[in-house]
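Structure, as structure tokens:
In what follows, chains carry the letters A, B, and so on, assigned in the order in which the sequence lines appear, proteins first and then strands, with residues in each chain numbered from 1.
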2 protein chains.
Amino acid sequence: MADTAIPIGELSRRTGCNIETIRYYERIGLLPAPPRRGRYRSYGAEDVGRLGFVRRARELGFTLDEVRALLGLAVGGEASCAEVRDLAAAHLKNVRARIADLRRMERALAESVRACDAGHDAGCPLIQALSAERSGDPRASRARVGSPLGR
Amino acid sequence: MADTAIPIGELSRRTGCNIETIRYYERIGLLPAPPRRGRYRSYGAEDVGRLGFVRRARELGFTLDEVRALLGLAVGGEASCAEVRDLAAAHLKNVRARIADLRRMERALAESVRACDAGHDAGCPLIQALSAERSGDPRASRARVGSPLGR
DNA sequence: GCTTGAGTCTGTAGTCGCTACAGATGGCAT
DNA sequence: ATGCCATCTGTAGCGACTACAGACTCAAGC
């Protein structure tokens with residue numbers, strides 16, 4: 001079996017995680033520093049699991065700090081389930097806010113492109129839309145979660 | 001009128017754009033360096049328009065490079081309308097891809113949270129979902145546009 | 001005239017999550 | 001002995017800001 005003494009390249013292949021990223025995770029303390037075979041890192045089966053966990057959490061959009069928290073909670077048993085749930089729920093809310101933000105963008109963009117396709121008598125409608133001031137407090141959008149400005 | 005000799009703080013207030021960000025835009029050449037009153041930057045009405053344009057384009061999610069291109073095309077008349085349209089259309093595609101990505105996350109998260117709320121007999125279902133390997137090439141998602149990994 | 005406070009200046013470093021090098025080793029096969 | 005690949009460390013870059021530190025200018029109030 002190749003379960004013991006997995007070199008970093010093999011770990012990368014098994015998890016789909018870039019070698020540089022693995023070393024980065026180690027540097028920031030997300031993954032523990034593995035033992036060495038000479039100067040080479042030597043991983044075990046549990047590292048494949050752990051890194052896989054990280055990767056899947058990242059795919060769900062959790063930040064590295066959230067992943068760190070999840071890893072901490074993963075070892076504690078049922079007691080932490082509620083905490084995990086709350087973390088995920090908060091994150092879900094965030095994702096939904098970002099979706100709403102993007103959908104607003106999508107509508108505005110689609111509308112503009114449509115206007116462009118329709119008629120172009122007095123200059124490009126898209127440019128005009130961007131040039132025109134709109135009503136409302138210009139600072140309002142800065143506080144929004146996931147706004148393209150200010151994050 | 002306060003149209004002439006607008007100081008940076010006033011420009012910030014009028015456009016809702018952070019002072020540091022205005023200076024940053026100047027540094028990277030997105031905004032022209034304004035004349036100085038002594039050592040202080042002195043803006044005019046056209047700067048308010050220009051920066052407002054930038055801000056609105058950013059709100060639609062255009063990158064600064066795209067904004068730069070849009071600014072260039074904004075001065076050229078109707079000839080550039082098609083180019084603007086194409087830029088916006090490409091960007092729209094990108095936004096839609098990001099929405100699709102987020103919606104996938106949303107579904108997975110909502111499902112997990114629901115599982116958490118339902119029963120918790122054998123450990124936290126969310127942690128288990130993250131711990132379990134899924135089928136398929138682990139590298140597949142790395143190529144996707146807007147994936148949380150690899151951007 | 002002197003102080004106080006607000007505004008502005010430059011320059012640099014930090015954020016997040018990687019990614020991309022450069023240049024030095026290590027180990028294995030031919 | 002000679003390639004060649006894998007791995008090592010360390011540093012710098014990305015995008016789009018944001019956050020200081022420390023200096024300066026200017027107008028108003030006393």
Side-chain angles (χ1 to χ4, degrees), chain A residues 2 5-31 33-43 51 54-69 91 94 98 139 141-151, chain B residues 2 5-31 33-43 51 54-55 57-69 91 94 98 139 141-144 146-151:
Chain A
I6 301 168
I8 197 168
E10 174 69 14
L11 179 62
S12 167
R13 242 164 283 123
R14 287 205 205 177
T15 56
C17 184
N18 203 323
I19 290 181
E20 324 257 45
T21 305
I22 297 172
R23 286 196 283 249
Y24 168 71
Y25 286 165
E26 180 185 326
R27 202 163 61 244
I28 63 169
L30 191 67
L31 298 181
R36 303 274 180 139
R37 285 253 201 174
R39 38 191 327 254
Y40 293 0
R41 288 169 182 82
S42 176
Y43 296 95
L51 183 50
V54 171
R55 215 184 78 85
R56 287 184 284 275
R58 290 288 300 126
E59 265 177 27
L60 289 180
F62 287 99
T63 66
L64 287 183
D65 266 355
E66 289 170 329
V67 174
R68 211 186 296 264
H91 181 58
N94 203 300
R98 270 152 68 202
R139 289 211 174 262
S141 75
R142 296 197 57 75
R144 274 203 328 267
V145 171
S147 165
L149 292 166
R151 59 159 185 143
Chain B
I6 301 168
I8 198 168
E10 173 69 14
L11 179 62
S12 168
R13 243 165 283 122
R14 288 206 205 175
T15 57
C17 183
N18 203 322
I19 289 183
E20 324 258 45
T21 306
I22 297 173
R23 286 197 282 250
Y24 167 71
Y25 285 166
E26 180 185 326
R27 202 162 62 243
I28 63 167
L30 191 67
L31 298 180
R36 301 277 178 136
R37 286 252 201 175
R39 36 188 332 252
Y40 292 1
R41 289 170 181 81
S42 176
Y43 297 95
L51 183 50
V54 171
R55 215 183 76 85
R58 288 289 300 127
E59 265 180 27
L60 288 180
F62 288 99
T63 66
L64 287 184
D65 267 355
E66 289 169 330
V67 174
R68 211 186 294 265
H91 182 57
N94 203 301
R98 270 153 67 203
R139 287 208 176 267
S141 75
R142 297 196 56 75
R144 273 204 330 266
S147 166
L149 293 166
R151 57 156 184 146

In whole angstrom, give the distance that lies between atom [atom1] of [X] and atom [atom2] of [N].
| X | N | atom1 | atom2 | result |
| --- | --- | --- | --- | --- |
| B:E59 | D:dA16 | CD | C1' | 15 Å |
| B:Y24 | C:dA13 | OH | P | 17 Å |
| A:L31 | C:dC18 | CG | C1' | 14 Å |
| A:Y25 | C:dC18 | OH | C1' | 8 Å |
| B:L11 | C:dG7 | CG | P | 15 Å |
| A:R37 | C:dC28 | CZ | P | 10 Å |
| A:I28 | C:dT19 | CD1 | C1' | 14 Å |
| B:R58 | D:dT18 | CZ | C1' | 14 Å |

Just jot down the side-chain contact (heavy atoms from CB on, under 4.5 Å) partners of [X], sequence neighbours excluded, or say none.
| X | answer |
| --- | --- |
| A:E26 | A:A33, A:P34, A:R36, A:R41, A:Y43 |
| B:R39 | none |
| B:P7 | B:E10 |
| B:Y24 | B:R27, B:I28, B:L64 |

Quick check: on DNA chain D, is the nucleotide nearest B:G38 upstream (toward 5') of the one nearest B:D65, or the reverse? Name the residue that is more 5'.
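With B:D65 and B:G38 compared, the 5'-side residue is B:D65.
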For B:N18 and D:dC17, is the shortest distance between a side-chain N/O and OP1 or OP2 below 4.0 Å?
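For B:N18, the contact criterion (side-chain N or O under 4.0 Å from OP1 or OP2 of D:dC17) is not met.
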When you measure from the side-chain N and O atoms of A:T21 to the phosphate of C:dT19, is any distance below 4.0 Å, counting only OP1 and OP2?
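So the side chain of A:T21 is within the cut-off, an N or O lying under 4.0 Å from OP1 or OP2 of C:dT19.
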Taking five pairs at each end of the helix from C:dG1-D:dC30 to C:dT30-D:dA1, what angle separates the two helix axes (nearest 10°)?
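That helix has its two terminal axes inclined by roughly 30°.
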With rounding to the nearest 0.5 Å, note down the distance linking [atom1] in [X] to [atom2] in [Y].
| X | Y | atom1 | atom2 | answer |
| --- | --- | --- | --- | --- |
| A:D65 | A:L30 | CG | CG | 9.0 Å |
| A:R23 | A:L31 | CZ | CG | 13.0 Å |
| A:L51 | A:R55 | CG | CZ | 8.5 Å |
| B:S12 | B:I6 | OG | CD1 | 12.0 Å |

Under 4.0 Å protein heavy-atom contacts per nucleotide of nucleotides 2-10 of chain D, with B for base, S for backbone only and - for none
----BSSB-
Short question: side chain of A:H91, backbone of A:L60 - any donor-acceptor pair under 3.5 Å?
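A pair under 3.5 Å: yes.
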